[in-house]
S.K.: 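I'd like to ask some things about the structure below.
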Amino acid sequence: METRRLVPISMLIAVVMGTEYNCPSTQQCTCTSRGKKVYVDCSNRGLQTSPTFPDDVIAINFARNKFSEMPQNLPRTLMYLDMSHNNLQHLNQSSLSRYGQLKHFSVSQNKLSEVHIGTFKRNSKIEHLDVSKNDVLTIDVIYNISIDLKNSKIETLNFEKLHCTYGVSHIVTVDHVVNLKQTNLLELNLASNRINSLELGVLTSLPRSLRILNLSDNVLSFGLYIMEFAVLHNLEILNISYQSSFHQVGMDGDFFKKCNDARKPPIFRLDAHVSGTKHNNQTIPLSELSLGKDNVGGWIKNYTIYLPENLRYLYYHDNLYKMSLPKFPLGKKNKLTHIFGQRNILYELIGPITGVDHVQYIDLSGNFCRYIEKSFLKSFKTLRNLNLSNNALGQVFEKDTNGELFSEQYQLTSLDLSSNRIVRLPAKIFQNNYNIIYMNLSYNSMTEFHVQINHMKNLSLVDLSYNQLSSLKSSTRDALDTVSRGRVVNVNLIGNNLKCSCENLDFLKWMQDSETLKFVFFGNYTCAFGNSSNFPMSDIDILLQSLEKKCSSYTLVIVVMTSLIIISTTLLLSRIIYRYRWKLRYMYYVAREKYQGRVNIDDANCPGSYRYHAFISYADLDRTFVIRLAKILEKEYNLRLCIHHRDFIPGTGIAENITNAIHNSRQTVCIMTSHFLTSYWCMFELNMARMEAIYSRNGENVLFLIALQSRVMRDLPLHLMDLVESKSYLEYPEGETEEETAAFRAKLGETLKCGDDV
């Protein structure tokens with residue numbers, strides 16, 4: 001335990017400037033002269049009795065010797081005396097009576113069993129007294145000492161460890177300290193005394209001048225005495241750490257030491273009795289300290305805890321209290337700036353804690369904390385340093401996607417979240433923390449780091465060491481480059497799983513080329529190079545040369561192979577699509593027709609029936625001939641023919657009309673002319689009719705061609721030449737005599753009428 005002290009209590013004499021020489025009266029000691037004053041160091045010399053010293057000696061260090069009684073032959077003008085680490089067993093009225101000028105006196109770590117009343121009665125000038133680590137005295141000796149000091153100039157009292165380590169616990173009573181009330185005491189140390197509680201009125205009985213109070217390493221339990229701290233207006237440092245701490249059991253005799261628990265306490269004579277506390281110089285009954293009662297007599301939740309108004313440092317660390325920190329309202333009239341709450345068992349931080357308008361430093365590390373409420377830190381608006389390391393808050397941070405947890409910490413400069421089992425952090429978690437200088441995220445399990453840091457213009461160190469990072473993404477690298485413009489930013493990536501691969505080549509080049517980024521311990525970085533062992537980053541030039549060569553060859557191979565695969569696949573798909581283009585079109589339109597429910601009723605009931613005898617496919621330039629031919633066939637042979645300009649459904653697509661006409665006709669008749677061959681829709685009808693024959697009519701020949709021009713069949717595309725070979729066409733008579741024309745119409749009419757099922 002370390003706290004700031006006003007003055008050293010140990011009384012070890014340190015001389016600044018002066019001349020050392022062997023003392024004239026004894027060769028066992030060393031004297032130092034400063035003007036007309038002489039300082040003597042006789043520490044650790046095995047002395048049992050004191051040498052004789054001249055009257056100009058004002059300070060003597062007898063620490064670590066073998067004195068069993070107080071020496072009585074020292075100069076009367078003595079002001080500083082250190083008798084620590086000796087064998088003194090008791091102090092009485094005659095022990096210090098001749099040393100009326102004494103200011104600093106230490107009997108720490110002796111074998112004292114008694115300090116009688118009157119021991120310090122004649123030492124009214126004493127300022128610093130240390131009787132610590134005499135564990136047979138017990139805290140009852142405080143009364144014997146304080147009654148002698150009530151009219152002294154005492155400033156520092158060290159009563160640390162006046163009780164044996166494994167003894168029973170004690171309660172500090174008003175009687176112990178009431179005689180100190182009128183002194184100007186500045187520092188009081190009651191650490192390591194197995195104090196369980198403070199009697200109500202103890203803190204009220206302490207002098208208002210007190211600036212440091214040390215109650216660490218005790219077994220304090222919670223009680224109403226907590227409400228009395230507010231009366232210590234000038235208190236600046238309060239240490240209540242190491243409560244209920246475990247003390248290692250050793251076989252050196254300390255465990256088997258017989259404690260002085262049963263000693264008869266002294267008879268207290270009190271000059272006053274204190275029954276209340278004060279706040280703002282007014283006495284307040286303890287029953288009215290911001291505590292009310294509910295209707296059933298229990299304490300209600302409406303309470304406020306007042307701190308000493310000048311308190312700046314609160315030490316509450318290394319305690320064994322397992323607790324959740326609930327709502328904690330503090331009185332606003334305080335100057336608290338530093339809270340040391342590390343290594344406790346605060347497994348939940350609920351809050352909010354109010355009345356903390358001046359707090360700049362909080363250390364809550366090592367608390368086994370697994371949950372922190374998003375509103376817990378809302379009141380700490382002046383916070384500059386926050387340490388939440390060595391907890392288990394990873395999941396809480398991962399869920400803070402809107403950055404609510406640290407949203408009010410605009411002045412935060414140092415943030416330590418190391419060792420918190422963090423796997424990932426949301427991008428906006430630090431969006432309001434503009435003034436961060438130091439960010440520690442080391443010893444977590446992050447595989448990526450995508451946190452927004454562009455706004456942190458004062459950032460000086462980002463510690464990402466000992467995570468699972470293989471690289472930093474380009475967005476993060478750009479952000480680091482942005483915040484490092486004009487100054488150096490330190491980045492620590494040691495202990496990560498950096499990869500020396502082609503994918504990370506840009507990242508590795510960035511590390512090498514960065515001028516304003518300093519990679520801490522860069523010479524100790526390693527990265528995995530393929531399947532081989534880790535490669536030292538100290539040889540990054542060689543590494544990059546090898547990697548660039550490897551990656552360039554791989555890149556060429558990858559580009560060539562990828563291009564070949566794409567070209568081959570494209571050609572293959574194009575060939576397949578081209579070859580089966582009419583089949584694919586046909587299947588598409590048939591499926592679309594069925595999906596839209598346009599199936600002929602007759603077809604549904606009788607698959608062998610059709611709406612038309614034939615669908616006539618022709619070019620618009622041949623319309624006159626087709627219309628004349630169709631009228632004759634419909635009149636003389638009672639045929640029902642489908643002609644697109646007459647029977648297609650308005651508002652329906654051409655392709656869909658064509659497909660429906662072919663599908664609902666017994667046959668398809670194509671009037672073959674040069675105009676037909678150059679018409680897109682005529683060729684579409686011809687190919688759709690072929691697909692209908694193949695896939696819907698079981699190979700039945702439903703396509704009938706009429707060659708209106710003599711040489712037109714020779715101009716058919718190659719994939720349609722099978723129609724010529726199969727002789728599935730009629731040639732229109734070239735002479736166009738009435739007999740030939742009538743014979744042609746008769747043959748055509750009979751062909752279309754054959755198998756009439758319309």
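Keep in mind the model is a prediction, meaning the values are calculated, not measured.
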S.K.: For Glu127, is there an ion pair with Lys153 - N to carboxylate O distance below 4.0 angstrom?
M.R.: no

S.K.: Has the side chain of Asn65 got a donor or acceptor atom that lies under 3.5 Å from a matching backbone atom of Asn86?
M.R.: no

S.K.: Should we say atom CD of Gln360 is surrounded by more than 12 heavy atoms from elsewhere, each under 6.0 Å from it?
M.R.: yes

S.K.: Distance from His90 atom NE2 to Ser68 atom OG, nearest 0.5 Å?
M.R.: 9.0 Å

S.K.: Between CD1 of Ile339 and CZ of Phe380, what distance do you get to the nearest 0.5 Å?
M.R.: 5.0 Å

S.K.: Counting only N and O atoms by type, is there a donor-acceptor contact under 3.5 Å from the side chain of Asn218 to the main-chain atoms of Asn196?
M.R.: no

S.K.: Would you indicate whether the side-chain heavy atoms of Asp148 and Ile145 approach each other to under 4.5 Å?
M.R.: no

S.K.: Walk me through whether Asp318 and Arg343 qualify under salt bridge (charged side-chain N to carboxylate O under 4.0 Å, His left out).
M.R.: CA-CA 5 Å; Asp318 294 278; Arg343 296 185 298 276; 2.6 Å; yes

S.K.: Would Leu210 and Leu186 count as a side-chain contact (heavy atoms from CB on, under 4.5 Å) here? Give the steps.
M.R.: CA-CA 4 Å; Leu210 195 64; Leu186 299 176; 5.8 Å; no

S.K.: Are Ile60 and Asp82 packed together at the side-chain level, in the sense that at least one heavy-atom pair is separated by less than 4.5 angstrom?
M.R.: no

S.K.: Side chains of Leu96 and Phe105: does their closest heavy-atom pair fall under 4.5 Å?
M.R.: yes

S.K.: Please report the C-alpha distance between Leu102 and Lys125 in whole Å, then the side-chain angles of each, then the deciding distance to 0.1 Å, and finally whether the side-chain contact (heavy atoms from CB on, under 4.5 Å) criterion is met.
M.R.: CA-CA 6 Å; Leu102 200 61; Lys125 295 183 178 180; over 6 Å; no

S.K.: Indicate yes or no: at least one non-hydrogen side-chain atom of Gln109 is less than 4.5 angstrom from one of Asn134.
M.R.: no

S.K.: Does Ser241 offer a backbone N or O that forms a donor-acceptor pair with the side chain of Gln243 under 3.5 Å?
M.R.: yes

S.K.: Run the side-chain contact (heavy atoms from CB on, under 4.5 Å) test against Asn87 and tell me which residues pass, sequence neighbours left out.
M.R.: Lys66, Lys111

S.K.: Taking atom CG of Asp416 and atom CG of Leu364, what is their separation to the nearest 0.5 Å?
M.R.: 11.5 Å

S.K.: Just how far is it from atom CZ of Arg211 to atom CG of Asn184, taken to the nearest 0.5 Å?
M.R.: 12.0 Å

S.K.: With side-chain contact (heavy atoms from CB on, under 4.5 Å) as the test, would you mind laying out the steps for Cys42 and Phe53 before giving the verdict?
M.R.: CA-CA 12 Å; Cys42 298; Phe53 300 101; 3.9 Å; yes

S.K.: So, Lys335 and Glu309, do they make that salt bridge, N to O below 4.0 Å?
M.R.: no

S.K.: How about CZ on Arg98, more than 12 heavy atoms from neighbouring residues, nucleotides or ligands closer than 6.0 Å, or not?
M.R.: yes

S.K.: Should His317 and Asp363 be marked as a side chain to side chain donor-acceptor pair (under 3.5 Å) after you check the CA-CA gap, both sets of side-chain angles, and the distance that decides it?
M.R.: CA-CA 9 Å; His317 58 82; Asp363 188 349; over 6 Å; no

S.K.: Taking Asp135 for its side chain and Lys161 for its backbone only, find out whether a donor-acceptor pair lies under 3.5 Å.
M.R.: no

S.K.: Return the minimal non-hydrogen interatomic distance between Ser205 and Gly201, and the atom names on each side.
M.R.: OG-O, 2.8 Å

S.K.: Rounded to the nearest 0.5 Å, how far apart are CG of Leu232 and CG of Leu203?
M.R.: 5.5 Å

S.K.: What are the two closest heavy atoms between Thr304 and Met227, and how far apart are they?
M.R.: O-SD, 4.1 Å

S.K.: Aromatic ring centroids of Tyr313 and His338 under 6.0 Å?
M.R.: yes

S.K.: Considering all heavy atoms of both residues, which atom of Leu215 and which atom of Leu198 are nearest to each other, and what is their separation?
M.R.: CD1-CD1, 4.3 Å

S.K.: For Thr32, does its backbone N or O pair with a side-chain atom of Arg34 as donor and acceptor, under 3.5 Å?
M.R.: no

S.K.: How far apart are the C-alpha atoms of Asn440 and Tyr438, what are their side-chain angles, what is the distance that settles it, and do they pass the side chain to side chain donor-acceptor pair (under 3.5 Å) test?
M.R.: CA-CA 7 Å; Asn440 189 353; Tyr438 170 81; 3.0 Å; yes

S.K.: Tell me, with the steps shown, if Thr119 and His116 meet side chain to side chain donor-acceptor pair (under 3.5 Å).
M.R.: CA-CA 6 Å; Thr119 298; His116 293 277; over 6 Å; no

S.K.: Any non-hydrogen side-chain atom of Phe67 less than 4.5 Å from a side-chain atom of Phe62?
M.R.: yes

S.K.: Is it the case that the ring center of Tyr443 lies less than 6.0 angstrom away from the ring center of Tyr466?
M.R.: yes

S.K.: Is a donor on one side and an acceptor on the other found under 3.5 Å between the side chain of Thr337 and the backbone of Arg312?
M.R.: yes

S.K.: Please check: side-chain N/O of Asn334 versus main-chain N/O of Leu307, any donor-acceptor pairing under 3.5 Å?
M.R.: no

S.K.: Roughly how far, to the nearest 0.5 Å, is OG of Ser108 from CD of Glu160?
M.R.: 8.0 Å

S.K.: Gln93 side chain to Ile117 main-chain N or O, any donor-acceptor pair under 3.5 Å?
M.R.: yes

S.K.: Identify the two heavy atoms, one from Asn193 and one from Leu162, that lie closest to each other, and give their separation to 0.1 Å.
M.R.: OD1-N, 2.6 Å

S.K.: Considering only heavy atoms from C-beta outward, does the side chain of Asn179 approach that of Tyr143 to under 4.5 Å?
M.R.: yes

S.K.: I need the minimum non-hydrogen distance between Asp55 and Thr77, along with the two atoms involved.
M.R.: O-OG1, 3.0 Å

S.K.: To check you understand the geometry: which heavy-atom pair defines the closest contact between Cys31 and Val38, and what is its length?
M.R.: CB-CG1, 4.0 Å

S.K.: Is the side chain of Asn234 donor-acceptor paired with the backbone N or O of Arg208 at a distance under 3.5 Å, no angle test?
M.R.: yes

S.K.: Using side-chain heavy atoms (C-beta onward) and a distance below 4.5 Å, is Val356 in contact with Leu330?
M.R.: yes

S.K.: Taking the side chain as C-beta and beyond, is there a heavy-atom pair between Ile353 and Leu325 under 4.5 Å?
M.R.: yes

S.K.: Determine, step by step, whether Asn189 and Thr156 satisfy the side-chain contact (heavy atoms from CB on, under 4.5 Å) criterion, reporting the C-alpha distance in whole Å, the side-chain angles of both residues, the deciding distance to 0.1 Å, and the verdict.
M.R.: CA-CA 8 Å; Asn189 187 353; Thr156 303; over 6 Å; no

S.K.: Output yes when a side-chain donor or acceptor of Asn492 lies under 3.5 Å from a complementary backbone atom of Phe521, and no otherwise.
M.R.: no

S.K.: Quick check: Tyr361 with Phe340 (ring centres under 6.0 Å apart)?
M.R.: yes

S.K.: Look at atom CZ of Phe328 and say whether more than 12 heavy atoms of other residues, nucleotides or ligands are closer to it than 6.0 Å.
M.R.: no

